[in-house]
Undergrad: 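Could you have a look at this structure, given as structure tokens, before my questions?
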Amino acid sequence: MRFTPMTALVVAVAAAAAVGVHSAGAQTAPDRAKLLRAAADALGMVRWSDIGAGTTRLPAIDIVNTMELQGSGTIEGTGGSGKIQYHADIGYNPPAMRVEITRPGAGGASQRTIQTVREGYAWDESAIGAGLVPGKGMATPAMPALRERLLQLWTLPYGVVKAALSAGEKTTVSTEGGATVITFPLSGPLAGITVRATLDSSNLVTRVETRSDSPALASLVTQTEYSNYADRAEVLTDIKSPGRIVRRQNGRTVMDVEVKTWETNNPYLVFPVPANVKAAAPANSR
């Protein structure tokens, strides 16, 4: 997905706020602008500068670039049974995510899988950074998992706000059952997927649904619930993160994770793509 999310959030929120002030005669745009700004503010994603008394606070600065979360719970499809340890490195510039799942094995040994995605590439690592230096682990291309892994990134609360802003006028806002709902299409490798995000009374993302009219994308139709928001960084920065993530597919729970820590102070995280992964990817991904 060729988003430039940090720039997009700065420009889009700033423009949206300006539209809300200067286009009082319009209905849809000011509503969308006000809601998206409120959602970004609720998460603590942006910081504002005051320009003169009584004016809109511009420009906005997107402070969410990299994040790291750790938790425990259950995930379907990783083999074995019982509790797992969940560790995710998250990046939005460029869009990337590394998920490390550790599961207790027989005899006290643990089983670990590392699933990574960056822009148009997906691969598995035998160890973090595997495949970058000869003899130091193995990187296995996993291009069939590209869209599923990107979807996890863009349906996190921060990804929802960034992607909704990037979608511009294609994003719509409605009220359903007393709740505010943001609806927008994804693009790039996720083209054909529509996201519906429900906000609570504090403008926090509590439910994210994805849907598609294409049978080929049926595996990407999911429902994810976020709850128990708090500032979980080592150094508190007023960025709120969910304390529980529950993802379902066709009514079946495929992920249920309780979050222990969620580092939001842009930890140093990199996602270099191994040469063999680049070579195995389709030409339009390179």
Side-chain angles (χ1 to χ4, degrees), residues 43 67-90 97-106 110-117 122 124 142 144-161 163-164 176-184 186 189-190 192-202 204-230 232 240-262:
L43 287 168
M67 314 177 85
E68 182 178 10
L69 77 89
Q70 297 189 58
S72 61
T74 58
I75 293 183
E76 185 178 284
T78 57
S81 60
K83 287 282 187 178
I84 57 95
Q85 297 300 314
Y86 183 88
H87 182 179
D89 295 337
I90 301 161
M97 190 171 185
R98 176 184 292 113
V99 175
E100 181 178 354
I101 300 167
T102 304
R103 184 185 297 278
S110 61
Q111 302 173 348
R112 184 172 65 159
T113 59
I114 303 174
Q115 304 169 349
T116 310
V117 65
D124 296 335
L146 174 66
R147 291 186 295 190
E148 179 183 353
R149 295 180 188 182
L150 282 175
L151 192 66
Q152 291 181 44
L153 178 68
W154 291 110
T155 53
L156 288 171
Y158 319 95
V160 165
V161 174
E176 301 179 20
T180 300
V181 177
I182 305 171
T183 304
F184 58 91
L186 294 174
L190 294 177
I193 296 292
T194 298
V195 175
R196 284 169 40 90
T198 302
L199 308 187
D200 65 9
S201 59
S202 299
L204 292 168
V205 177
T206 57
R207 181 178 175 87
V208 179
E209 302 170 83
T210 59
R211 60 187 183 186
S212 175
D213 294 331
S214 171
L217 301 177
S219 63
L220 302 181
V221 176
T222 60
Q223 306 85 38
T224 308
E225 296 176 358
Y226 300 101
S227 59
N228 191 23
Y229 277 87
R232 291 183 169 79
K240 292 185 178 180
S241 57
R244 187 180 181 190
I245 304 172
V246 180
R247 182 175 298 119
R248 297 183 176 88
Q249 186 175 36
N250 297 322
R252 186 182 73 254
T253 299
V254 295
M255 173 178 172
D256 189 343
V257 168
E258 294 282 348
V259 177
K260 296 179 181 177
T261 62
W262 198 314

Undergrad: Looking only at heavy atoms, which two atoms of Thr210 and Val221 are closest? And how far apart?
TA: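 Of all heavy-atom pairs spanning Thr210 and Val221, the closest is O-CG1, 3.2 Å.
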
Undergrad: Kindly indicate whether the side chain of Thr155, heavy atoms from C-beta on, has any atom under 4.5 Å from the side chain of Glu209.
TA: no

Undergrad: With respect to His87, which candidate in Glu68, Lys260, Gln70, Arg98 satisfies the side-chain hydrogen bond (donor to acceptor under 3.5 Å, both in side chains) definition?
TA: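 It is Glu68; the other options fail the test.
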
Undergrad: Applying side-chain contact (heavy atoms from CB on, under 4.5 Å), run through Arg211 and Arg196 and close with a yes or a no.
TA: CA-CA 8 Å; Arg211 60 187 183 186; Arg196 284 169 40 90; 3.2 Å; yes

Undergrad: Checking side-chain contact (heavy atoms from CB on, under 4.5 Å) for the pair Ile90/Leu153: CA distance, chi angles, key distance, verdict?
TA: CA-CA 7 Å; Ile90 301 161; Leu153 178 68; 3.5 Å; yes

Undergrad: Between Gln223 and Gly251, what is the shortest heavy-atom contact and its length?
TA: OE1-N, 4.2 Å

Undergrad: Using 0.5 Å steps for rounding, measure from the CG atom of Leu220 to the CD1 atom of Ile193.
TA: 4.5 Å

Undergrad: Tell me, please, which residues at least two apart from Tyr86 pass ring pair (Phe, Tyr, Trp, His ring centres under 6.0 Å).
TA: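 If we apply the ring pair (Phe, Tyr, Trp, His ring centres under 6.0 Å) test to Tyr86, skipping adjacent residues, there are no hits.
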
Undergrad: State which residues pass salt bridge (Lys or Arg N to Asp or Glu O under 4.0 Å) with Arg232; sequence neighbours excluded, sorted by chain then number.
TA: none

Undergrad: Indicate the atoms forming the closest heavy-atom contact of Lys240 with Tyr158, along with that distance.
TA: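 Shortest heavy-atom contact: O-OH, 2.7 Å.
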
Undergrad: If I compare all heavy atoms of Ile245 with all of Trp262, which pair ends up nearest, and what's the gap?
TA: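 Taking Ile245 first and Trp262 second, the nearest heavy atoms are CD1-CZ3, 4.1 Å.
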
Undergrad: Checking salt bridge (charged side-chain N to carboxylate O under 4.0 Å, His left out) between Glu76 and each of Arg247, Arg103, Arg252, which is the one that passes?
TA: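 Among Arg247, Arg103, Arg252, the one that satisfies the salt bridge (charged side-chain N to carboxylate O under 4.0 Å, His left out) with Glu76 is Arg252.
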
Undergrad: Using only heavy-atom distances, determine whether the side chains of Thr206 and Thr198 contain a donor-acceptor pair under 3.5 Å.
TA: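 The answer is no; no qualifying pair exists.
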
Undergrad: Donor-acceptor pair, distance only, cut-off 3.5 Å: does the side chain of Arg149 make one with the backbone of Thr116?
TA: yes

Undergrad: Might you work through the side-chain contact (heavy atoms from CB on, under 4.5 Å) test for Val161 and Leu43, ending with a clear yes or no?
TA: CA-CA 9 Å; Val161 174; Leu43 287 168; 3.9 Å; yes

Undergrad: May I ask you to decide if Leu204's main-chain N or O and Ser202's side chain share a donor-acceptor pair within less than 3.5 Å?
TA: no

Undergrad: Has Ser212 got a side-chain atom pairing as donor or acceptor with Gly192's backbone, closer than 3.5 angstrom?
TA: yes

Undergrad: Could you walk me through whether Leu151 and Leu186 satisfy the side-chain contact (heavy atoms from CB on, under 4.5 Å) test, starting with their C-alpha distance in whole Å, then the side-chain angles of each, then the deciding distance to 0.1 Å, before giving a yes or no?
TA: CA-CA 9 Å; Leu151 192 66; Leu186 294 174; 3.8 Å; yes

Undergrad: For Gln85, is there any backbone N or O sitting under 3.5 Å from a side-chain donor or acceptor partner on Thr102?
TA: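 Judged by distance alone, no pair lies under 3.5 Å.
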
Undergrad: Once rounded to the nearest 0.5 Å, what's the spacing between atom CE of Met97 and atom CG of Leu156?
TA: 5.0 Å

Undergrad: Any carboxylate oxygen within less than 4.0 angstrom of a Lys/Arg side-chain nitrogen, looking at Glu225 and Arg248?
TA: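 Salt bridge flag = yes for Arg248 with Glu225.
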
Undergrad: When rounded to the nearest 0.5 angstrom, what is the spacing between CD1 in Ile75 and OG1 in Thr253?
TA: 12.0 Å

Undergrad: Provide the closest heavy-atom pair for Pro242 versus Val259 in the form atom of the first, atom of the second, distance.
TA: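 Heavy-atom minimum between the residues: O-CG2, 3.5 Å.
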
Undergrad: Rounded to the nearest 0.5 Å, how far apart are CE of Met255 and OG1 of Thr224?
TA: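 These two atoms lie 8.0 Å from each other.
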
Undergrad: Heavy-atom distance under 4.5 Å between the side chains of Val205 and Leu199, does that happen here?
TA: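 Yes, close enough: below the 4.5 Å cut-off.
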
Undergrad: Which heavy atom of Ala122 sits nearest a heavy atom of Ala145, and at what distance?
TA: CB-C, 4.3 Å

Undergrad: Which value, rounded to the nearest 0.5 Å, describes the distance between Ser72 atom OG and Ile101 atom CD1?
TA: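 CD1 of Ile101 is found 12.5 Å from OG of Ser72.
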
Undergrad: May I ask you to decide if Ser219's main-chain N or O and Gln249's side chain share a donor-acceptor pair within less than 3.5 Å?
TA: yes

Undergrad: How long is the span from the OG1 atom in Thr74 to the CD atom in Glu258, to the nearest 0.5 Å?
TA: 10.0 Å

